[in-house]
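The figures here come from the full heavy-atom set of this structure, side chains too, leaving out hydrogens, waters and symmetry mates.
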Amino acid sequence: MEQILYILPRGFGIGALISAPMGPIGMLVIQRTLSKGRWPAFFTGIGAGFSDLAYCLLTGFCLSFITGFIDSHQFAIKIIGSIVLAIFGVYLFRKNPTRSLKTAGSLAATTYWSDMATGFLLTFSNPLILFFIIGLFAQFNFIQPDYEIHHYIVAYMSIFGGAVVWWYGITALVAHLGKRINMRSLKLINRIIGTLLAAMAVAGVVMAFADKF
């Protein structure tokens with residue numbers, strides 16, 4: 001039970017952080033909320049969540065084969081993971097969401113299934129997210145060598161749950177605020193997330209050195 005309580009908040013955090021940046025998928029979800037309604041946008045986010053889950057499974061599957069290496073190189077892995085998060089944090093802080101408008105706006109859908117499909121494909125088309133996921137896994141110390149199958153099931157379900165909660169919340173917020181959502185507020189979201197990631201990176205470096213020495 002102790003391990004489950006360790007896994008759940010970290011999984012939810014990873015799922016939400018992967019979903020949160022306002023890139024093409026975020027812009028598409030917001031546009032669909034405003035133009036088609038909340039539920040088509042929510043199912044678009046669900047499709048993105050399945051794509052993120054697939055990349056998380058790939059990352060975890062690969063890392064599970066090198067748990068011995070991970071265990072003996074915790075310091076280096078935490079430092080590298082922190083650097084990755086810092087890079088993504090700076091990138092998001094400087095990113096202009098309007099550049100994603102054309103990409104997102106060109107994708108149309110007519111059913112919930114096609115909404116999910118476009119969300120999945122748009123997210124899956126960006127394999128660079130793997131580096132972000134690796135950084136998050138390292139930062140949260142998410143993969144443990146003593147995990148059993150039920151731990152992995154809970155871990156990946158919690159990641160997907162974090163994504164679902166994020167998209168449910170963001171579509172509810174956009175539906176409530178309506179036209180008051182503008183590019184400035186979207187850029188602010190990216191800056192908040194970027195700052196959070198950079199802060200996590202700094203904290204990760206400090207904790208890595210504290211554990212080392």
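Tyr147 places a side-chain N or O within donor-acceptor distance of the main-chain N or O of Phe142, the cut-off being under 3.5 Å.
In Tyr6, the OH atom is crowded: over 12 heavy atoms of neighbouring residues, nucleotides or ligands sit closer than 6.0 Å.
Residues Ala41 and Val29 share a closest heavy-atom pair of CB-O, 3.2 Å. Summarising the geometry of Gly11 relative to Ser158, their closest heavy-atom pair is CA-OG, 3.2 Å, with the distance given to 0.1 Å. The nearest pair of heavy atoms linking Phe88 to Leu128 is CZ-O, 3.9 Å. Closest of all the heavy-atom pairs between Cys56 and Ile159 is SG-CG2, 3.9 Å. The shortest heavy-atom contact between Ala163 and Gly49 is CB-CA, 4.1 Å.
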Could you give the side-chain donor-acceptor pairs of residues 169-178 under 3.5 Å, partners two or more places apart or in another chain?
from, atom 1, to, atom 2, distance (Å)
Thr171, OG1, Arg38, NE, 3.4
Thr171, OG1, Trp167, O, 2.7
Thr171, OG1, Tyr168, O, 3.0

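Both Phe131 and Met200 are assigned to one and the same hydrophobic cluster, defined by single-linkage of ILVMFWY side chains at heavy-atom distances under 4.5 Å. Both Met27 and Leu121 belong to a single network of hydrophobic side chains, linked directly or stepwise wherever heavy atoms of I, L, V, M, F, W or Y lie under 4.5 Å apart. Side-chain heavy atoms closer than 4.5 Å link hydrophobic residues (I, L, V, M, F, W, Y) into clusters, and following such links, possibly through other members, connects Leu130 to Phe137. Hydrophobic clustering (ILVMFWY, side-chain heavy atoms < 4.5 Å, transitive): Ile30 and Val164 are in one cluster. Linking ILVMFWY side-chain heavy atoms closer than 4.5 Å, directly or via other members, places Leu34 and Trp166 in a single hydrophobic cluster.
Among pairs with a residue in residues 192-207, none fulfils side-chain hydrogen bond (donor to acceptor under 3.5 Å, both in side chains), at least two apart in sequence or across chains. Applying the side-chain hydrogen bond (donor to acceptor under 3.5 Å, both in side chains) test to every pair with at least one member in residues 40-53, sequence neighbours left out, gives these pairs: Arg32-Thr44. Screening residues 119-140 for side-chain hydrogen bond (donor to acceptor under 3.5 Å, both in side chains), with sequence neighbours left out, gives Ser82-Gln139. Note on residues 73-93: pairs passing salt bridge (Lys or Arg N to Asp or Glu O under 4.0 Å), not counting sequence neighbours, are Lys78-Asp211.
Put simply, CD1 on Ile134 and CD1 on Ile129 are 11.5 Å apart, with the number rounded to the nearest 0.5 Å. Distance CG/Leu85 to CG/Leu196: 9.5 Å, rounded to 0.5 Å. To the nearest 0.5 angstrom, Arg191 atom CZ is 10.0 Å from Arg94 atom CZ. The distance from the CG atom of Leu197 to the CG atom of Leu17 is 6.0 Å, given to the nearest 0.5 Å. Atom CD of residue Gln31 and atom OG1 of residue Thr33 lie 10.0 Å apart, to the nearest 0.5 angstrom. Here the straight-line distance linking atom CH2 of Trp113 with atom OG1 of Thr118 works out to 13.0 Å at 0.5 Å rounding.
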message: Apply ring pair (Phe, Tyr, Trp, His ring centres under 6.0 Å) to residues Phe75 and Phe209 and explain how you reach the verdict.
response: CA-CA 7 Å; Phe75 177 75; Phe209 275 98; 5.1 Å; yes

- request: In sequence, state the C-alpha distance, the side-chain angles, and the governing distance for Ile83 and Val205, and then conclude on side-chain contact (heavy atoms from CB on, under 4.5 Å).
  value: CA-CA 9 Å; Ile83 292 172; Val205 171; 5.9 Å; no

- prompt: Would Thr111 and Met116 satisfy side-chain contact (heavy atoms from CB on, under 4.5 Å), going step by step from the backbone distance to the final call?
  reply: CA-CA 9 Å; Thr111 68; Met116 288 178 61; over 6 Å; no

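Ring to ring, Phe132 and Tyr55 are not that close: their centroids are 6.0 angstrom or more apart. Annotation: Phe160 is in aromatic contact with Phe50 [ring centroid separation under 6.0 Å].
In this structure, Phe120 and Phe124 have parallel ring planes: the angle between them is below the 30° cut-off, well short of the 60° mark.
Side-chain contact check for Phe42 versus Asp115: every heavy-atom pair is 4.5 Å or farther apart.
Cation-pi check for Arg10 over Phe12 is not met; the charged atom does not lie both under 6.0 angstrom from the ring centroid and within 45 degrees of its normal.
By the side-chain contact (heavy atoms from CB on, under 4.5 Å) test, Leu57 is found to be paired with Leu53, Tyr156, residues two or more places apart in sequence or in another chain being considered.
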